[in-house]
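These figures come from a predicted structure and were not determined experimentally.
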Amino acid sequence: MAYLSARDRRAAKSAKRVLRPLLGVLVALVATGVIIFLAITKTAPTSSPAVYAQPVAPNPEDLRSEEIDALQEELSEAARNKDRAKLEEVALAILALDPEHGRAWGTLGRLQSQEGDPAAALVSLNKALEFSKDKTALLAARAGVHRKLEDFPSALADLEEATSLDPSNAGVANRLLIFKIQAGQEDEVRSYISTYEQAAITSQKPLWLLGAAALSMQDGDPQKAARYLDSLKFLLTPQQFAELLADPFFEPYQEETALRRHFLLSQEAVR
């Protein structure tokens with residue numbers, strides 16, 4: 001071991017005295033850094049990639065249903081405005097989305113009947129009846145098409161079924177009597193009217209008074225027909241009365257002097 005002089009030993013001791021505090025500070029700083037690092041790593045959440053919500057694609061069935069609902073509103077508005085072109089356009093648009101839409105088929109069938117295409121109307125109304133729950137009005141409409149095709153047995157069958165579904169429907173009940181007159185069953189209608197006329201049940205009158213007026217017209221007695229219409233007019237709203245008189249059966253009688261006022265009033269009610 002090298003021998004140190006007294007002078008060297010004093011210098012080494014002096015260096016130790018200087019370095020010892022510096023070393024203590026350095027150790028303290030390192031320890032503090034370690035503590036801070038551990039605290040940060042313990043409390044800081046583990047970073048992860050940001051997650052963004054993915055847009056949910058709309059359900060095609062929901063979109064289709066919403067579109068059909070909107071078109072049905074358009075159909076109702078076109079019906080209120082009596083816009084036939086719009087009715088046809090919207091009905092076809094609905095059927096393109098839903099080929100089993102009974103209301104659209106019914107609308108199309110009625111339009112085809114009014115436009116003089118009973119064969120097409122029959123196909124459409126058959127579809128409407130297949131896909132609809134409320135069948136009374138559709139059966140009455142199809143009966144009118146059968147009449148245009150001079151198929152009275154089918155027309156009467158439809159009206160009989162409609163009457164059984166809705167016995168209090170004055171339009172259907174009277175139309176059944178009118179169709180029976182046209183089918184050559186006047187005696188049956190005469191007997192039916194006589195029975196109810198003798199019973200004089202007020203609540204039943206709207207179901208046969210128009211048929212009675214039609215029979216009187218057929219018999220060549222417009223004055224008697226006018227009296228029946230007078231009685232019926234006070235039991236219905238002007239709109240209901242007008243709709244009943246709109247049946248094609250009455251067209252040849254509209255210029256009869258005793259009946260003309262009734263037809264004029266009904267025409268004004270539907271304008």
Side-chain angles (χ1 to χ4, degrees), residues 58-152 154-159 161-163 165-166 169-172 174-176 178-179 182 237-252 254 263 266-271:
N59 188 326
E61 283 300 316
D62 290 342
L63 290 176
R64 174 173 165 273
S65 179
E66 290 176 7
E67 190 172 355
I68 290 173
D69 288 344
L71 287 169
Q72 287 188 129
E73 289 295 327
E74 289 187 42
L75 197 68
S76 298
E77 184 179 357
R80 287 191 294 270
N81 296 332
K82 299 178 182 178
D83 186 342
R84 292 187 181 183
K86 186 66 174 179
L87 278 170
E88 183 176 6
E89 175 189 337
V90 177
L92 289 172
I94 292 174
L95 290 173
L97 294 169
D98 180 7
E100 297 183 0
H101 198 284
R103 182 184 176 192
W105 278 117
T107 299
L108 193 59
R110 290 184 180 93
L111 288 172
Q112 290 164 335
S113 178
Q114 293 165 5
E115 292 165 1
D117 192 351
L122 194 58
V123 172
S124 296
L125 290 170
N126 286 342
K127 288 283 190 181
L129 284 161
E130 181 181 352
F131 300 125
S132 300
K133 292 181 179 179
D134 187 4
K135 299 182 183 297
T136 303
L138 291 170
L139 285 166
R142 190 172 71 175
V145 175
H146 284 309
R147 175 172 61 178
K148 288 182 178 180
L149 296 170
E150 298 186 356
D151 182 359
F152 280 99
S154 295
L156 292 173
D158 277 348
L159 289 176
E161 184 178 352
T163 302
L165 291 173
D166 188 0
N169 190 312
V172 172
N174 280 289
R175 185 171 291 185
L176 177 58
I178 291 169
F179 278 37
Q182 292 181 301
T237 67
Q239 185 69 29
Q240 290 171 328
F241 186 68
E243 288 174 358
L244 289 176
L245 283 183
D247 191 279
F249 175 89
F250 298 109
E251 290 177 4
Q254 292 186 11
F263 290 108
S266 68
Q267 289 166 7
E268 290 175 4
V270 296
R271 285 175 186 167

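Annotation: salt bridge (charged side-chain N to carboxylate O under 4.0 Å, His left out) contacts of Arg84 (sequence neighbours excluded): none. For Asp166, the side chain to side chain donor-acceptor pair (under 3.5 Å) partners are Ser168, Asn169, not counting sequence neighbours. Judged as a side-chain contact (heavy atoms from CB on, under 4.5 Å), and not counting sequence neighbours, the contacts of Glu74 are Leu71, Lys86, Val90. Residues passing the side chain to side chain donor-acceptor pair (under 3.5 Å) test with Ser76, sequence neighbours excluded: Arg103. Under the side-chain contact (heavy atoms from CB on, under 4.5 Å) criterion, Asp247 pairs with Arg147, Arg175, Ile178, Phe179, Phe249, Phe250, sequence neighbours left out. Residues passing the side-chain contact (heavy atoms from CB on, under 4.5 Å) test with Ala137 are Arg110, sequence neighbours excluded. By the side chain to side chain donor-acceptor pair (under 3.5 Å) test, Ser113 is found to be paired with Lys148, residues two or more places apart in sequence or in another chain being considered. In this structure Glu73 satisfies the side-chain contact (heavy atoms from CB on, under 4.5 Å) test with no other residue, sequence neighbours excluded. The side chain to side chain donor-acceptor pair (under 3.5 Å) test applied to Ser124 returns Gln112, not counting sequence neighbours. Asp151 pairs by the salt bridge (charged side-chain N to carboxylate O under 4.0 Å, His left out) definition with nothing, not counting sequence neighbours.
Separation of atoms CG (Leu92) and CG (Leu97) is listed at 11.5 Å; rounding is to 0.5 Å. Here the CD-CG distance, from Gln240 to Leu245, works out to 12.5 Å after rounding to the nearest 0.5 Å. Rounding to the nearest 0.5 angstrom, the gap separating the CG atom in Leu159 from the NE2 atom in His146 is 9.5 Å. In this structure, the separation between CG on Leu139 and CG on Leu129 is 5.0 Å, given to the nearest 0.5 Å. Distance CG/Asp158 to CZ/Arg142: 4.0 Å, rounded to 0.5 Å. A distance of 13.0 Å separates CD in Glu161 from CG in Leu156, rounded to the nearest 0.5 Å.
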Take Leu244 and Phe241, measure what side chain to side chain contact (heavy atoms under 4.5 Å, CB included) needs, and give me the verdict at the end. CA-CA 5 Å; Leu244 289 176; Phe241 186 68; 5.6 Å; no
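Residues Ser132 and Ala128 share a closest heavy-atom pair of OG-O, 2.6 Å. Closest approach of Ala121 and Val145 over heavy atoms only: CB-CG2, 4.0 Å. Closest non-hydrogen pair, His101 versus Leu95, comes out as O-CD2, 3.8 Å. When all heavy atoms of Leu87 and Ala79 are compared, the closest pair comes out as CD2-N, 3.7 Å. The two residues Gly106 and Leu125 have their closest heavy-atom pair at O-CD2, 4.0 Å.
The closest donor-acceptor contact from the side chain of Asp98 to the backbone of Ile94 lies at 3.5 Å or more, if one exists at all. Between the side chain of Trp105 and the main chain of Pro99, a donor-acceptor pair closer than 3.5 Å is present.
Sorted by first and then second residue, the salt bridge (charged side-chain N to carboxylate O under 4.0 Å, His left out) pairs with a member in residues 115-136 form an empty list; sequence neighbours excluded.
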